[in-house]
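So the structure is just underneath, and the comments pick up after that.
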Amino acid sequence: MHKTISVREVFDLEDGSEIELVGWVRSKRSHGKLVFIDLRDSTGVIQVAVKYGLTNSESFQKSLEAKIESAVRIRGKVKKDPRAPGGVEIQCNSLEILSQSLDDFPIRKGVGLKFLLDNRHLHLRSPRVGAIMKIRAELIDAARRWLKENGFIEINCPTFITAAVEGGATLFKVDYFGKTVYLTQSVQFYQEAAIYSLEKVYSLQPSFRAEMSRTRRHLTEFWHLEVEVAFADLWSIMKVIEELLYNMVKSVCEKCREELKILGREIKPELAEPPYPKIKYAEALEILRRKNIELRWGDDFGADEERELSLEFDKPFFVTHYPRESKAFYHMPDPENPSVCLNADLLAPGGYGEIVGGGQRIHDYNLLVERIRENGLNLEDYKWYLDLRKYGSVPHSGFGMGIERVLWWLLKLPHIRSACLFPRTPARIYP
RNA sequence: GCCGGCGUAGCUCAGUCUGGUAGAGCAGCGGGCUGUUAACCCGUUGGUCGGUGGUUCAAAUCCACCCGCCGGCGCCA
């Protein structure tokens, strides 16, 4: 069996062209002696008109029997018709049911959120979900292209780990031949090892967070694009983030017009065009103070403050120089003001929050030891990580980008779940 | 983990405040229809009211506990 033509291509054919199409019955409207079938494949949806008299009688009977989402083969003529959605339809000569649906398809008009999530394996057939997944693929593709063109080497890091990258985040426990190990929540430490061989590296793989986060921006399993660069300070890593994100957004704008149309989203590359505004933590406090939100030095921004802040900008913006006590131990303290660190968080405008987190790492052995102790962590747990600072240690920086977060912001999705084929949240591990 | 909301037909919900024989729309099924746009018209089937226990002559409705889901916060990408 092979496919000769796709739905997308039919729209470019001349009136009267004889075609054979295979696909799935998305919906059906029966008028007695006239049946409309919306035929779906991976490229789109087209209306098929099955008319008694024009279609052979056996096929006409089949069109009445074909249930929603059954697989069918259609033969007929292409016909431009303003009454058809998209202005083109297929006048059916014959219809063959390749695979009849055994039950009525559960995904219907008016079903609720829970039902759609419980039936995600079927819901993903909808053009909307398909469009989001195509855009996701383009986003990832564009990231890989840009990174490769700019000399980054893709590396693959382990998923099983023995200790936390940071003290705070919660890790999933896994039984490893009787030993307790954990699922990775970031490959940063491994990348920091790899830069001494490859200098500019990136990884794209899932990260896991065992947080009971009940929000529309959290997943327990998400795709994490992480980058680490040798001989790079805070400012050069922000440049990498800007250029990378810009090229990802630009590529989606250029190559996913059809998908964006299906989603009703109009986006322009300017949305993410560098340079991005860069404000220091102290300046962020000032902005909030002007909005009558008082925060003390050292207080972290809550979701409300972050939202207020993000309303001040119309493109992604960096917040840098956080108080060192509010960030993980490996962040480089600012030599000019050691009470803050050289971090860079990229926040999306419009209340979508953090999409990138990163900054410059501590490359000095003694300073790192001091910071580990300051945080009450055990030096033994970071033995190999400390080793990296013993042999030709150089300034370096990196970041992590949440692929689903970017997609969530870019497409203004109602929930980050919509950015995944099969989302994983504290309450959802099925299907 | 904390706070709030929800759970009634296959699906989406009303009914709960004020206890008294279980409702609607959609889907399904039967019928009709040659231009619909997740069609429409007529008829019709369908229920352990999330679970357990309690109060009561009587509980979907009141009380207690439990379970599941949704959202906000904290945490983060």
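- In this structure, the side chains of Tyr281(A) and Thr320(A) stay at 4.5 Å or more apart for every pair of heavy atoms.
- Between the P atoms of U21(B) and G5(B), the separation comes to 29 Å (whole Å).
- Judged by a 6.0 Å distance limit and a 45° cone about the ring axis, Lys327(A) is positioned over the six-membered ring of Tyr322(A).
- Base pairing of G4(B): its partner is C70(B), meeting the Watson-Crick or G-U wobble criterion (both donor-acceptor distances under 3.5 Å).
- With a 3.5 Å ceiling on both atom-pair distances, the Watson-Crick or G-U wobble partner of U44(B) is G28(B).
- Spacing between atom CZ of Arg307(A) and atom C1' of C73(B) amounts to 10 Å, rounded to whole angstrom units.
- Remark: C75(B) base-pairs with no nucleotide; criterion is Watson-Crick or G-U wobble with both hydrogen-bond distances under 3.5 Å.
- Between the side chains of Arg361(A) and Gln191(A), no donor N or O sits under 3.5 Å from an acceptor N or O.
- Proximity note for Arg29(A) (side chain, C-beta onward) versus A38(B), C70(B), C75(B): the nearest is A38(B).
- Ring centroid separation for the pair Trp408(A) and Phe222(A) does not come in under the 6.0 Å cut-off.
- Remark: the separation of the C1' atoms in G23(B) and C65(B) is 30 Å, to the nearest Å.
- Comparing the P positions of A39(B) and C29(B) gives a spacing of 15 Å, expressed to the nearest Å.
- For G71(B), the base has a donor-acceptor partner in the side chain of Arg214(A) [N/O atoms by modelled type, under 3.5 angstrom].
- Computed from coordinates, the Ile107(A) CD1 to G10(B) C1' distance equals 12 Å when rounded to whole Å.
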